[in-house]
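The structure appears below as structure tokens.
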Amino acid sequence: MWAQEVGADPQGRYQGVYVYRPTVTTGAFTTLAIGDVLDIEATADEYFGVTELTGGTVAETGPGTVPDPIVVDPSTLADLVNGEPYEGVLVQVQNVRVLSIDSFGEWSVGEAATPLRIDDMMTPRPASLTVGQCFASIAGVHHYSYDAFKIEPRPEDIVTGNQCP
């Protein structure tokens with residue numbers, strides 16, 4: 001699960017984090033909903049390049065709202081240095097074209113020199129996806145795995161369109 005603290009930086013940098021196997025102190029873990037306000041006490045750690053909170057507890061303190069995604073250029077998110085501040089943050093890229101589709105369920109968008117991967121951790125790759133296809137926007141959590149930054153969208157976060165660059 002990912003958690004995001006809202007408001008500290010208008011560009012959304014350093015506001016998100018991956019929470020790995022917390023002990024949920026109020027109700028079952030499955031009762032948490034997207035947008036819930038949480039109180040988290042855990043240890044921060046780096047695990048294979050991912051900043052995460054481990055152990056500790058998560059308590060739901062009430063309902064909340066999902067923050068608006070931060071619009072970021074795909075090449076910034078793909079870059080290992082410039083993308084780091086957005087790790088764990090709900091981000092959005094706009095007006096992007098599919099550059100490639102791989103056999104592991106991932107695909108890439110943006111510029112050929114700095115492609116941004118779209119992962120299938122939460123959402124299967126669209127069945128009708130084709131190279132060259134345009135998307136008005138893709139939003140999701142910015143995550144790091146297998147030596148690359150990626151967006152982890154939910155199905156409702158992928159908006160088709162024809163506004164390609």
Distance-minimising heavy-atom pair for [X] and [Y]:
X    : Y    : result
P69  : Q92  : CB-CB, 3.8 Å
P74  : V96  : CG-CG1, 3.8 Å
T114 : S75  : OG1-CB, 3.0 Å
V91  : H142 : CG2-CB, 3.9 Å
V98  : T130 : CB-O, 3.5 Å
E87  : G49  : OE1-O, 3.9 Å

[Y] reachable from [X] in the ILVMFWY side-chain graph, under 4.5 Å edges:
X    : Y    : answer
L90  : I34  : yes
V66  : I70  : no
I151 : V131 : yes
I101 : L116 : yes

With side-chain contact (heavy atoms from CB on, under 4.5 Å) as the test, pick out the partner of L53 among D45, V19, V58, T43.
V19
Supply the atom-to-atom distance [X] [atom1] to [Y] [atom2], rounded to the nearest 0.5 angstrom.
X    : Y    : atom1 : atom2 : result
R117 : D147 : CZ    : CG    : 10.5 Å
Q94  : I138 : CD    : CD1   : 11.0 Å
I40  : T57  : CD1   : OG1   : 9.0 Å
I118 : S100 : CD1   : OG    : 10.5 Å
T65  : D36  : OG1   : CG    : 11.0 Å
D119 : D102 : CG    : CG    : 9.0 Å

Sidechain-backbone polar pair: T123 side chain, P153 backbone, donor-acceptor under 3.5 Å
yes
Donor-acceptor pair, side chain of E152 and main chain of H143, under 3.5 angstrom:
no
What I'd like to find out is whether the side chain of [X] reaches to under 4.5 Å of the side chain of [Y], using heavy atoms alone.
X    : Y    : result
F135 : L129 : yes
Q4   : V141 : no
L38  : M1   : yes

For E41, does the CD atom sit with more than 12 other heavy atoms under 6.0 Å from it, leaving out its own atoms?
no
Using 30° and 60° as the class boundaries, would you call the ring planes of Y20 and Y47 parallel, tilted or perpendicular?
parallel
Would you call the rings of F149 and Y144 parallel, tilted or perpendicular, where under 30° means parallel and over 60° means perpendicular?
perpendicular
